[in-house]
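Naming: A, B, ... by sequence-line order, numbering from 1 per chain.
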Amino acid sequence: MQEPSIETMAQLGADVVGPGSVVSLRDVSKRYEVGETIVTALETFDLDVAAGTFVVILGPSGSGKTTLLNLIGALDTVTDGTVRLSGRDVSNASRPERAAVRRGTVSFIFQTFNLFPGLTALENVEFGADVAKRADATTRARAALDEVGLGARLDHFPHQLSGGEQQRVAVARALASGNPVLLADEPTGELDVATGKQILELLVAYAGEGTTVLVVTHNREIARIADRVIELSSGRIVSDGAPVGGPVAVADLQW
Amino acid sequence: MLVRWTWRDFRRHWVAVVVIAMVIGIGTGVFAGLGSTGTWRRLSNDASFDALEMHDLRIALSPGTFADEGQLEALVRSIEHPELVEKTNERLHIATQVDASTADETIFVAGRLVGLDPDRGPDILWVDEGRAPEPDTGVLEVKFANAFDLPSEGTVELAGGETLAYHGLGSLPTDFYVSGERGDLLAQFNFAVLYTDLGTAQRLADRPGAVNDAVIGLVDGADRTAVQHELEDVLASGSGFSATITTRDEDEAFRIVYADIESDQRFWNVLSGLVLGSAALAAFNLISRVVESQRREIGVGMALGAPAARLAIRPLLIGLQTAVLGCLIGIGVGVLVGAAMRSLLLDLVPLPVWRTPFQFGRYAQAAALGLIVPITSAAVPVVRAIRVEPIDAIRTGHLAARRTPATLRRVRVPGASLNQMPLRNFLRTPRRTMLTALGVGAAITALVAVLGMLDSFGRTIEIGDDETSQEHPDRITASLDTIHPVDGAVPAAVREVAGVDHVDLGMQFPATISAGPDEIEVLVEAIDFDRARWTPTLTSGSITGTGNEIVLAKDAAGSLGVSVGDTISVTHPARESATAYSLRTTEVVVASLHPNPLRIFAYIDLSTADRFGLAGLTNVAQVFPAAGVDRAEVERTLFEMSGVASAQPVARTREVFEDAIDQFTAFLVITEVAVLTLASLIAFNSTRITLDERTREHATMLAFGTPVRSVLATIIKEGVLVGAVATVIGIIGGYATLSWIINVLFAQTLPDLDVVTYVSLTTLSVAIVIGLVAVALAPVVMTRRLTRMNLPDTLRVVE
């Protein structure tokens with residue numbers, strides 16, 4: 001496996017901290033109480049992500065990458081600092097407020113797909129559009145499923161689909177929501193290489209259409225296709241930048 | 001490690017385990033508690049009859065005949081083996097009327113004055129409250145006093161204007177069931193027995209030195225039937241007395257109280273069986289679902305090569321924990337239900353001795369069921385898991401979805417994707433859904449059966465009341481003291497009573513009707529169908545005046561297997577001379593049927609009475625008070641008239657029935673509370689487990705920003721679907737059970753009453769509220785759990 005080389009944003013000379021960011025974290029800390037111990041998951045963390053960027057977040061277990069994803073996805077609140085999503089401060093917003101922000105801003109892809117077993121592929125995708133209150137949810141869902149190559153399997157239930165197909169339905173669900181930020185937590189973790197690559201192709205294409213995609217993964221190889229790679233360790237950013245030589249095509253990945 | 005792991009399992013599932021244990025506890029507790037009452041009553045009656053030295057034999061002289069004091073004792077001593085007789089107690093029984101009216105209520109009822117030596121056996125008088133009769137004072141029968149809330153001291157007026165003070169409430173063992181002089185239905189609520197010393201009774205009856213009844217106690221081991229035959233021989237050999245000799249086993253009260261216990265116990269068994277069945281179904285479903293959640297772990301264990309038996313232990317221990325806890329709760333619930341039933345029994349069934357020991361056998365039966373159900377419930381999913389390949393055991397959710405036909409799984413309701421979820425989830429796991437619905441449905445079945453029984457009695461009373469009242473709810477039935485010519489002085493006096501608008505004279509007599517081998521005892525009333533103001537409603541056929549027609553209750557015709565136009569035999573008294581009557585059998589045609597649910601009532605036209613040899617005679621008058629006249633005043637005037645034996649408004653029957661049902665209701669409330677609690681617990685736990693099973697789906701919805709209320713709405717809608725199925729099952733099951741209880745059980749235990757199967761709107765509403773609303777709203781209790789859900793953790797959990 002080829003180790004990706006990462007240049008810092010400073011090396012790239014890019015202005016990554018700016019008002020145009022879709023995702024913006026300032027002085028963010030997140031601490032948990034585990035019994036009598038305080039565990040610091042993120043420490044004085046700053047991050048800005050511009051619209052349409054494909055970001056891969058790398059790091060070993062316990063580095064804080066999932067916590068980061070939860071904060072960006074407004075699934076959790078900060079201990080200190082500020083999190084803004086499309087300009088809205090969600091740092092310590094109430095649950096209903098965060099739910100409202102998620103509805104219109106974020107969509108998710110999970111490692112274990114999390115499709116609704118009682119709904120068909122089409123209905124699962126419709127759900128994404130329905131929740132985001134997109135007009136003509138069925139048409140959007142059909143188009144999204146066509147786009148992920150499942151136009152012929154609209155009426156199949158999740159258990160009638162392979163793992164890769166289920167994850168493609170999950171991608172279509174995110175696509176149909178039309179939200180500007182897509183968060184993917186180990187999206188290829190349960191898939192074989194070929195199927196994993198299909199999913200990554202979709203995500204790259206998705207980012208190319210203007211959606212900000214953040215992928216959390218252990219798989220360093222995936223970082224090679226990113227516009228930006230953020231590596232975490234012990235709750236801090238240890239490197240942040242584009243892969244050396246710029247992103248490669250998904251087809252070039254090997255793991 | 002196993003113990004530690006099991007303890008962790010318990011901590012993880014403790015709410016489910018405790019709630020399921022409560023479900024089992026209620027089922028087994030109700031089964032044990034309600035099941036104890038039959039044994040208690042049997043033991044208590046045995047002890048009470050022993051304590052009061054219930055007679056072995058009884059001599060009852062024919063109505064209207066008397067013996068001098070000592071004559072019956074002498075008769076007993078003259079049998080072939082007098083040494084078999086230990087004691088004889090002579091008594092005087094006089095039919096009378098009793099005015100026990102209070103400031104609030106007019107109470108004129110038929111009754112009986114019993115003169116006896118109260119302290120001497122056999123048949124010692126039990127005095128519950130107050131003191132034993134003394135000269136010129138009496139004791140009032142306790143069930144009658146309780147029915148009318150009469151105090152333990154007071155004064156009543158007897159026929160002929162005599163008054164008698166009573167200073168206590170009590171009963172003879174032969175009055176543990178009061179049947180009245182004509183076998184009146186529910187006489188214990190409407191028939192007053194007064195006990196006094198023999199001298200006072202003789203004075204009040206104007207029969208100095210007379211007796212007409214003797215009770216006999218035999219030495220231990222004596223053959224009652226043999227002594228009965230010896231007494232019959234003595235009577236037949238020129239004793240000069242006409243009498244009936246009965247053994248203890250033939251005594252109506254003795255026979256009926258035990259038969260009543262048996263029939264009541266069968267009824268309680270049906271109800272407690274329903275509750276237990278409901279609990280068992282629910283427990284099976286709920287435990288299966290809890291254990292099902294470990295299926296994946298079993299699969300992993302199998303994949304790692306662990307022996308199946310070892311893998312089965314952990315989930316089975318959950319079943320065992322639930323079983324043990326359920327049995328302990330069951331003992332508690334059983335003791336509570338038993339205490340409630342005991343308290344009601346002591347209050348409503350007065351007996352001198354109550355024996356209510358803990359029923360180990362019944363509790364052991366209940367405990368056995370309480371142990372078997374949870375362990376079996378845990379074993380089923382375990383066996384299912386270890387019988388398949390590890391990979392299939394790991395892939396939990398997928399198997400369930402394949403059982404519903406594809407067309408059903410794709411049924412689409414109007415609206416967005418979220419709207420599809422409740423029905424899809426409902427159809428996705430049909431076995432699980434049906435078990436949940438069956439659990440709640442069985443509880444509703446018990447509820448509908450219990451409440452429906454009250455409805456059915458109420459409806460039956462209404463039908464009877466509508467029939468006896470028709471347009472004349474103030475009608476008073478005045479029974480005359482004997483048979484009079486229709487143009488005699490007493491009928492004339494009745495016609496002249498102030499405030500009376502109209503009087504129809506009739507003739508009422510007991511008869512036996514038969515068709516083939518079947519026969520029924522009835523009370524026939526001869527009515528002038530052309531002129532009487534009140535006649536029975538004829539639901540089919542008509543009276544044509546041919547002189548051989550009878551109108552039967554629909555139920556009586558059904559019991560005999562006859563219909564309109566068929567011929568039946570009537571064995572009835574016929575006049576031989578001015579004072580002599582004999583029994584005669586006459587063939588008559590069933591001309592019509594009437595809707596009164598009391599099958600004892602039969603009617604003939606005066607033309608048929610003529611053929612029966614009863615023309616021109618009367619012993620009953622239907623009295624119609626004039627408009628604006630106080631019915632109670634007319635009742636009082638009639639009661640005080642010489643020649644009138646009793647005067648009862650027709651509405652009294654309804655009141656008596658309602659009193660009886662009030663008592664019954666008190667017992668049923670216990671079952672009702674148990675059933676309501678059970679249904680709520682099943683609904684709550686079922687929802688809780690559903691939430692556990694769907695927690696990741698809910699987390700996914702919430703992650704995408706679906707509002708909590710929308711997630712809750714989908715869960716509630718699914719609950720409504722389950723509740724609707726449960727309610728339909730419960731209502732259909734309840735109606736079927738009710739029909740069985742009424743048509744099979746009551747047909748044997750209450751043959752004289754044609755109880756209609758009826759479920760009121762109120763009962764249906766309660767069933768719907770419990771089945772639909774409680775099940776559907778149970779998720780609301782879980783709102784906090786949804787709002788507090790840790791989304792990141794829940795979303796990342798790998799099943």
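- In this structure, the side chain of Thr211(A) does not engage the main chain of Ala207(A) through any donor-acceptor pair within 3.5 Å.
- The contact between Arg412(B) and chain A is made entirely by side chain atoms (from C-beta outward), counting heavy-atom distances below 4.5 Å.
- Residues Arg696(B) and Thr112(A) bring a donor and an acceptor atom of their side chains to less than 3.5 Å of each other.
- A donor-acceptor pair is defined here as one N or O able to donate and one able to accept, closer than 3.5 Å; no such pair exists between the side chain of Thr706(B) and the backbone of Leu702(B).
- Residues of residues 128-147 of chain A lying within less than 4.5 angstrom of chain B, judged on heavy atoms, are Asp130(A), Val131(A) in numerical order.
- Using a 4.5 Å cut-off on side-chain heavy atoms (C-beta onward), Met434(B) and Val725(B) make contact.
- Residue Asp155(A) touches chain B through both its backbone and its side chain, counting heavy-atom pairs closer than 4.5 Å.
- In terms of heavy-atom pairs under 4.5 Å with chain A, the best-connected choice from Leu418(B), Thr787(B), Val708(B), Asn425(B) is Thr787(B).
- Interface residue Phe110(A): only side-chain heavy atoms are found under 4.5 Å from chain B.
- Checked for salt-bridge contact, Arg424(B) and Glu697(B) miss the test: no charged N lies under 4.0 Å from a carboxylate O.
- The neighbour count for Arg88(A) CZ, taken as heavy atoms of other residues, nucleotides or ligands under 6.0 Å away, does not exceed 12.
- For the set Thr67(A), Leu75(A), Thr105(A), Val125(A), the count of heavy-atom pairs under 4.5 angstrom toward chain B peaks at Leu75(A).
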query: Which is it for Ile199(A) and Val171(A) under the side-chain contact (heavy atoms from CB on, under 4.5 Å) test, yes or no, and what are the steps along the way?
result: CA-CA 8 Å; Ile199(A) 298 300; Val171(A) 172; 4.1 Å; yes

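- Exactly one of Gln111(A), Lys65(A), Glu186(A) qualifies for a side-chain hydrogen bond (donor to acceptor under 3.5 Å, both in side chains) with Thr217(A). That residue is Glu186(A).
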